[in-house]
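Structure record follows, encoded as structure tokens.
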Amino acid sequence: MSRRTRYVALASGGVLTVGLCSGLVAYLNRGIPRGVAADAPAELAFVPSDASAVAYADVRAVMASEFRERIRRIAPDGVGREQLERRLGLSIERDIDRVLVFWAPQAGEDGASGLALLSGRFDAARLETVARDGGAVVSEEGGARIVSIEVEDVGSLAMAFLQPGLVAVGDLAAVRSAAGRGAGEAGIHANEPMMRLLGRIDTGSTAWAVGRLTDSGLFGLVPERVSARLPPVTAFAVQGRVNGGLGVSLVIEGRDDQAARNLRDVVRGFVALAQMQSIGIPELQAILDSLETGGAGTAVTLSFHLPADALDFLLSMTSSADAS
Amino acid sequence: MSSPHGSPPPPSTPVRPSFAASVSRIYNLSFGQMLWSRRTVFMVLVVGGPVAVALILRMLVSMDLLDAGGVIDGRPVTIDGPVIFGLMIWGFYLSFSVPLLGVFYGTSLIADEVEDKTITYLFTRPLPRGAVLIGKYLAYLVCAGLLVLPSVMLVFFVVMPLLGGSIGAGFPDLLKDLALLAVGLAVYGALFALVGALFKRSLLTGLVFVFGWEPIVVVLPGYMKRFTVSYYLQGLVPHAMPQDGTVTGLVLQVLQANEILPSATVSLIGLGAILAGGLGLAVWLVQRREYVLEQ
């Protein structure tokens, strides 16, 4: 074999070898967290490993967005916001940066309870005083002050100042659990299916939610006999990005490939139906044209983008419906 | 020093090398010749085409001129890297490059030696005639593999990450595709080695088979499609292509139920039979045929 033949063989074999090795490395590393799973908000540390759903919103980004401005033009803020500011000294626009909500089963209780974690700037003393005036009691758990109150038909509601600038609001048991959460305790990061779902969320999404629909129903909130009638969905991940318009992306995971195929067909059927209905309404057609469906394996994906004009159209439709 | 009166030494008996050693010698001799032949330059252009197409696609995507969404028959479809890669494997490689490589190299294994009137030199060596064919066939396999497989590898890395595709997730499909292409090269090569040993105008016969017989018969109803290589390769393609269950799974079930596509097992048995039968018959023919060179 001549030298140049050997060089050609080596170069060709080299491309193959390098390609196979790189592909293998990529294949082995495909499970490494991406997106929000890799760059998670700090509040995620308070989410327990058995949480069945987590939702997040970058309140500051939403409030500062043109999207919010358009909504405000059509639906001006009501008196609720003023009352909140007058009584608690709390302005949603000014004082709250982020909100993270999760649902998790509580020990010894049926179903799941939710907890909201609010990040921002809070006047803790004023909030506590207002709560005390309303009949709330204050206790301590894990170094955090917990303000709780019994509400008829609802149960014990509580609020705790977990860290400077971080308030937990929700069911008393859930608040206590979050307050007593040790640094070494296994959190959501130990929950591989949830982290995989979080990996589907792009970093920089303004709002997102992921959840697993367990055998006990939709996060335990929906009765089993109702969830049994729903399509066989096991998990979802939805994310939105707000700017002038609104971009939304949804991933649904079917129980198996067959279920996902059925779901894809259902989604495409609905999209086709909506496209038929939108004939003659260009604003609606613009939205439906941006709809993209797809997915492979057990995943079904749906994404769309609402341009600013389409958003105005939808908001005007909503406001005219409210007026009538 | 031998005595001038002594008997002359007996002529040395040529040592006949083993079959494997003969194959190895012919392989070493043929590989370089094959790699630097004019047809290799042509085949480099053929397998370079998909790489160029992949680069153009990548450029279009990076310039936002190509969108993942589209509409086929009024139905919205999403085209991503894995789908494009699967289509390229079938359209560029399995349907075109692999059969063409098989025809060009396979038919020339013996025919070139006959045409160049050099077959005498090979057949007068103390080598089994079958080893000559097998050695050349192996040289063809390696030469064709070195042309096609790196091209596929480059296309994979350029195309797979496009429009939301993932190299890691698509890697198992790449392995299946590489295996499928290797099988295709082996089977087409064996078949056309037989054609080259059997027919005088073997290149023309091969081209008619690949671009005339196969495309027509495969779409015709009936059993004739079983006498093509592409029928059995098609049976393996959906198993190797990236799975979008909606299309591939359902279509595959329908096609297999109606015997339009064979199952993976039938495909493998069919391809194995063509490979073994083609190569075996070619060896048998070469061993028995008397090649009369035109003056």
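Chain identifiers are assigned alphabetically (A, B, ...) following the order of the sequence lines, protein sequences preceding nucleic acid strands; residue numbering begins at 1 within each chain. All values below were derived from every heavy atom in this structure, side-chain atoms included, with hydrogens, water molecules and symmetry-related copies excluded.
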A:Ala260 portion near chain B, given a 4.5 angstrom heavy-atom threshold: neither
Proximity breakdown for B:Leu35 and chain A, heavy-atom pairs closer than 4.5 Å: side chain
Options B:Ala169, B:Gly170, B:Gly32, B:Gly168, ranked by heavy-atom pairs under 4.5 Å with chain A, top entry: B:Gly168
Lys/Arg-Asp/Glu bridge criterion (N-O < 4.0 Å) met for A:Arg241, A:Asp58: no
Gap between atom CZ of B:Phe104 and atom OG of B:Ser37 - 0.5 Å precision: 10.5 Å
Heavy atoms from other residues, nucleotides or ligands near CZ of B:Phe19 exceed 12 (cutoff 6.0 Å): yes
From A:Ile252 atom CD1 to A:Leu302 atom CG, the distance as rounded to the nearest 0.5 Å: 7.0 Å
From CA spacing to verdict: side-chain contact (heavy atoms from CB on, under 4.5 Å), B:Gln33, B:Asp112: CA-CA 11 Å; B:Gln33 287 176 348; B:Asp112 267 11; over 6 Å; no
Heavy-atom pair count under 4.5 Å with chain A, highest-scoring of B:Leu29, B:Leu149, B:Asn28: B:Leu149
Proximal component of A:Arg6, with respect to chain B [non-hydrogen, under 4.5 Å]: neither
